*Asks:* 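The structure's right below; bear with me while I get my questions together.
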Amino acid sequence: MSIFKSIKALIIGHFTVIKHMFKKAVTKEYPEERPIVNNFFRGKHVLKNCTGCGYCKKVCPAGAIEVIKKDKDLVGYVIDYNKCIFCGNCMFYCPTKSITLTNEFELATDNKSDLKIDLLEQERTI
Amino acid sequence: MPDINIIREHFPNNIIEAGKLDASFNIIEVLSFLKNCPELSFDMLLSIIAIDYIHYNELIYCLLSTHLNESIKVSVKMKNEAKSVTAIYKSAYFDECEIYDLFGIKFTGNPNLKRLLLPQSWAGHPLKKDYILNDERLKWNE
Amino acid sequence: MNKMTLNLGPQHPATHGVLRLIIDLDGEEVVSAEPDIGYLHRGMEKLAETRNYYQYLPMVDRIDYLSGFFYSYAFCNAVEELNHIKVPQKASYIRIMLMELNRISSHLLWFGTYLIDLGAISPIFYAFRERELIMDYFEKITGQRMMYNYFTFGGVRHDIPFFDDVQSIINTIGDKIGDYERLLSENPIFLDRTVNVGVISEKKATEWALTGPNLRASGVLSDFRVNMPIYDDIDFDIVLTNEGDCYSRYLVRIYEMRESIKIIQQCIQWLGQCSSRDLPFLEKVTLKTFPNQEVFSSVEAPRGLSMCYLNSIGGNTPYRVKWRTSSFYSTQILKDILVGVTVPEIMAIYGSLDVVLPEVDR
Amino acid sequence: MNYLLNLFIEFLDKHNFNESIGIMIFSILPFAIIAAALVFVVLMLVYAERKILAYMTQRKGPNRVGPNGILQTTADAIKLLCKENIELLHSDKVIFTIAPILAFSSIVVLWCIIPYNAEFHLIDSTISLLFYVAVAGFPMLFHFLAGYASNNKYSLLGSYRALSLTASYSVPILFTLLATIFLADSMDLHKIIIAQEKVWFIIPNIIGFIVFFIASIAELNRCPFDLSEAESELVSGYHTEYSGMRFAMFFLGEYAALFVTAVFTAIIFFGGYQPPFGVYLSNILMGNCRCFNFLIYFEQTFWLIAKSSIIIFLIIWIRGTLPRLTQKSVMNLFWRYLTPISIINLILIILATRG
């Protein structure tokens, strides 16, 4: 009868749930266990001997890149992380492959002014 | 492509250019014929696409026949007024409200034409080419 | 008749985003329902007019963030048709594989959230556990979990070095779907909540322009993958049930996941056995001038037929881009099928249509 | 118990206190113990449910606050205590504040009539089963009041459903308890337990157990029947507008009711504090010399708690798997199936015992 079929289905349903009690939990404890991040990951930008051609500025969808030049030599290269969507267009279309996105993804800060980072200055300090 | 000659028989003076059947003056008759004719049976209106060519607007009706897996495009060129096809295809109501909302094209015969996506108090129709982009109304989320 | 207008507000635990349903209730029965959309309207079509093709490409994944690959395929295909770019065979196979994986992950998310709407707590965690495998694989090869920007005009950005974990993913998902079916397919409470609830007849489905699994659940045989050229030498069969109620929509999506597994299996075979080193994955092309032409390129997204209309008059920014998405019409049908339904059934019907709000408002 | 009492009175005489203080303290002492036990059990139950549900879905559950997350619920309770009680402008203030207090207190009252072991009980009355049936229906009434008073459309819907649910589940509960009264021919819980010396009532009354179990899940407003606080449809049912301490009253009250129902199911069907095969472990271990007989009381409470925790695990397990029923099918299930079954079951048992 349909009653026995539904009772059987209920019992099967219950045992598929209880089956998971004996399996290892899949949660990763984030701060302690570092997540595995692979090389293609698009995180914080890093600049290396940029010629200041401004090609990345043209190709960025969110208009987050600002190339400051004083009569033909590069003075500042500011990325506004409020606007940046980490699409990687600047990295793909940069003719000299000087800007790359690293694996670092923890960019949270508590004041907005930190989010306008001058990569040229960072390149000098490293 | 569906066999054109059936359409040409019934509507000799509708020209077919750039893969679209131009039905600027008899859109209602053409659509109801395409829907009810047994051989063609275009029973689904996929979507209505509006384009603003500054001097005139164009509406493209994409029809799909689920039984014969055929699709056809019917285009209408007109100024700011258009005839509503909600009588033939019920799904056109949302499309027409959205086109009125973004293009300002008024559809006569639409049950209740109102703005769909933008707030009712929004002034202007954004997707028209003469819509001022650096309008201070758009600064509200800067 | 004392009517109580209840609006299932934009901020409600079960509206999968920001849909506002203005419902007139008589006791527990719905008298009339009016969807009010536009809370997530980002103006995708207006953005296209001020950005060149390379700038607009990463935005295309965000139209429906649950099925990003499908929309970037539709846009790339439109641009490729516009400039008659021929995509290499390997790139097409990589695209199909990623799209079908994305379809499984989108159906898994639907399965989890639909069950939470009906009140069962545990299936969402099982569904998300599988979806996590796919998300990690996407992150490994494209760089991001959801906003991929991996398809480009002419092919894919970089080669996929390894396939063995795709094989292990689809194997685990294959038998996990068996788990879901054992848990739910004959569960009397689930059957009682979904069998002949929100029945959409074949005529009503075509009239309201439903596409995809919702249409196939009403018995209409229409799957756009049949007339997509890249699916030609892949054999898959279209899943069809003809009751049109919430339970058949559930069945269609569960079997579609199995179909996608079969498609991915064939893609891996082709990609694996062909000597993958020498085949190009990207047709190097620099797009400067565009012909004065318009193109309709559509794809069978997880929620239905998505069509990208691209119209360019030369120059490197598109003149007009229009996105035809299927959730737009699934929300419209709520007006018709929610009449005379009790409050819990609203959630059952709305959840079964798999409506995702970014697609509705674009 | 009186052995301890005169021990305490001798101690008081030695320090020349008046004897009445002893009796007074001794009458308050059980209430204090049970109040402490209530808080402890409720917090542990919330923690246990979250842990069990987590393991059932391959998660870890709370494990940050305190060793392995034990203090998680105490932290939640303290947080809820400190939260601001949001007052509503147009709500009916008097009922809005009273409803949670009444809901919680009506459940705590049930704790007093539970016979924890042969000696220890707060209220020993010969009609404690009748008291249980009467008071067990109260919380649903106060859920209706809460939903009605909070002037919110979702909680109004939730409160309607609470009423219709109350009507439908109380009838089967009544008939199954009538069956137990006939089996044990007394309404006093102690006598019911003693009557189950030889055979537990679950064997003759198996149908009664199934009906009682389903109806008590509905009474607890738990998973397959949690209509009046359905998260996905009604935001969170009758306690949508409640926050802070008032919400804690509802939330902890629900778990207190869960414990009470599990204990009563254990008492009525699984022989309360009787050891499974009538053999006290402490007799075997200690030999049955007189001085250790108070160990038996501890063991009796242990058996009661063990049986009720198995039933609690079963209820949590059901919550982990089943989706929610609609109101139509709940009423249909109770009125068309469970009530006639419980009546037939009652008639059979009457014939068996009296016929």
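Numbered from 1 within each chain, the chains take letters A, B, ... in sequence-line order. Just so it is clear, the structure is predicted and the values come from calculations on it, not from any experiment.
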*Asks:* Using only atom types and a distance under 3.5 Å, with no angle test, would you say the side chain of R157(C) pairs donor to acceptor with the backbone of F92(A)?
*Replies:*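 No, because the side chain of R157(C) does not come within donor-acceptor range (under 3.5 Å) of the backbone of F92(A).
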*Asks:* For K24(A), is the NZ atom crowded, meaning more than 12 foreign heavy atoms sit under 6.0 Å from it?
*Replies:*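 Atom NZ in K24(A) is not packed in, count stays at 12 or less.
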*Asks:* Just give me the residue among S2(A), A9(A), P35(A) that pairs up with chain C most often, heavy atom to heavy atom, under 4.5 Å.
*Replies:*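 With the most close heavy-atom pairs to chain C, the winner is A9(A).
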*Asks:* Is it the case that over 12 heavy atoms from other parts of the model lie below 6.0 angstrom from the CZ atom of F15(A)?
*Replies:* no
*Asks:* More than 12 non-hydrogen atoms from neighbouring residues, nucleotides or ligands closer than 6.0 Å to NZ on K69(A), yes or no?
*Replies:* yes
*Asks:* Quick one, K58(A) and N52(C) - any side-chain contact, counting heavy atoms below 4.5 Å?
*Replies:*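 No - every pair of side-chain heavy atoms lies 4.5 Å or more apart.
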*Asks:* Any idea which of G88(A), A62(A), C87(A), G43(A) has the most non-hydrogen atom pairs under 4.5 angstrom with chain C?
*Replies:*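 Max contact count across the listed options: C87(A).
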*Asks:* With under 30° as parallel and over 60° as perpendicular, where do the rings of Y93(A) and Y54(C) fit, or are they tilted in between?
*Replies:*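 Answer is perpendicular, since the angle exceeds 60°.
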*Asks:* Please determine whether the number of non-hydrogen atoms from other residues, nucleotides or ligands lying under 6.0 Å from atom NZ of K97(A) exceeds 12.
*Replies:*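 Atom NZ in K97(A) is crowded, with more than 12 foreign heavy atoms closer than 6.0 Å.
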*Asks:* Below 4.5 Å from any heavy atom of chain A, which atoms of L184(C) appear? Answer side chain, backbone, both or neither.
*Replies:*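 Neither; nothing under 4.5 Å.
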*Asks:* If every non-hydrogen atom of L183(C) is compared with every non-hydrogen atom of G13(A), which pair is closest and at what distance?
*Replies:*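 Scanning both residues, the minimum pair turns out to be CD1-O, 3.3 Å.
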*Asks:* Applying the side-chain contact (heavy atoms from CB on, under 4.5 Å) test to F41(A), which of K140(C), E139(C), R145(C) qualifies?
*Replies:*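 Filter result, single survivor: E139(C).
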*Asks:* In terms of heavy-atom pairs under 4.5 Å with chain C, which of K19(A), H14(A), K5(A) leads?
*Replies:*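 Option with the top pair count is K19(A).
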*Asks:* If you count the non-hydrogen atoms of other residues, nucleotides and ligands that lie under 6.0 Å from OH in Y255(C), is the total more than 12?
*Replies:* no
*Asks:* Of the backbone (N, CA, C, O) and the side chain (C-beta and beyond), which part of V26(A) lies under 4.5 Å from a heavy atom of chain C, both, or neither?
*Replies:*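 Only the side chain of V26(A) comes within 4.5 Å of chain C.
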*Asks:* Out of M59(C), H158(C), R51(C), R129(C), which one racks up the most heavy-atom pairs below 4.5 Å with chain A?
*Replies:* H158(C)
*Asks:* Find the one option among P188(C), S122(C), P123(C) whose heavy-atom pairs under 4.5 Å with chain A are most numerous.
*Replies:* P188(C)
*Asks:* Determine whether H20(A) and Y126(C) satisfy the following criterion, ring pair (Phe, Tyr, Trp, His ring centres under 6.0 Å), listing intermediate values before the conclusion.
*Replies:* CA-CA 10 Å; H20(A) 294 93; Y126(C) 303 148; 4.1 Å; yes
*Asks:* Between R182(C) and chain A, with a heavy-atom cut-off of 4.5 Å, which part of the residue counts as in contact: side chain, backbone, both or neither?
*Replies:*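 Both backbone and side chain.
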*Asks:* For Q55(C) and P61(A), work out which heavy atoms get closest and say how close.
*Replies:* O-CB, 3.2 Å
*Asks:* For F4(A), I'd like to know if atom CZ has over 12 heavy atoms of other residues, nucleotides or ligands within 6.0 Å.
*Replies:*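 Incorrect, the count does not exceed 12.
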*Asks:* How long is the gap from CE on M147(C) to CD1 on I85(A), to the nearest 0.5 Å?
*Replies:*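 The CE atom of M147(C) sits 9.0 Å away from the CD1 atom of I85(A).
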*Asks:* Contact part of T142(C) toward chain A, heavy-atom cut-off under 4.5 Å: side chain, backbone, both or neither?
*Replies:* backbone
*Asks:* Please determine whether the number of non-hydrogen atoms from other residues, nucleotides or ligands lying under 6.0 Å from atom NZ of K57(A) exceeds 12.
*Replies:*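 No, not enclosed.
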*Asks:* Among I36(A), L10(A), N38(A), L101(A), which residue has the highest count of heavy-atom pairs closer than 4.5 Å to chain C?
*Replies:* N38(A)
*Asks:* From I12(A) CD1 over to S185(C) OG, what is the distance, rounded to the nearest 0.5 angstrom?
*Replies:* 11.0 Å
*Asks:* Under a 3.5 Å distance rule, please check whether R42(A) uses its side chain to pair with a backbone N or O of Y148(C) as donor and acceptor.
*Replies:* yes
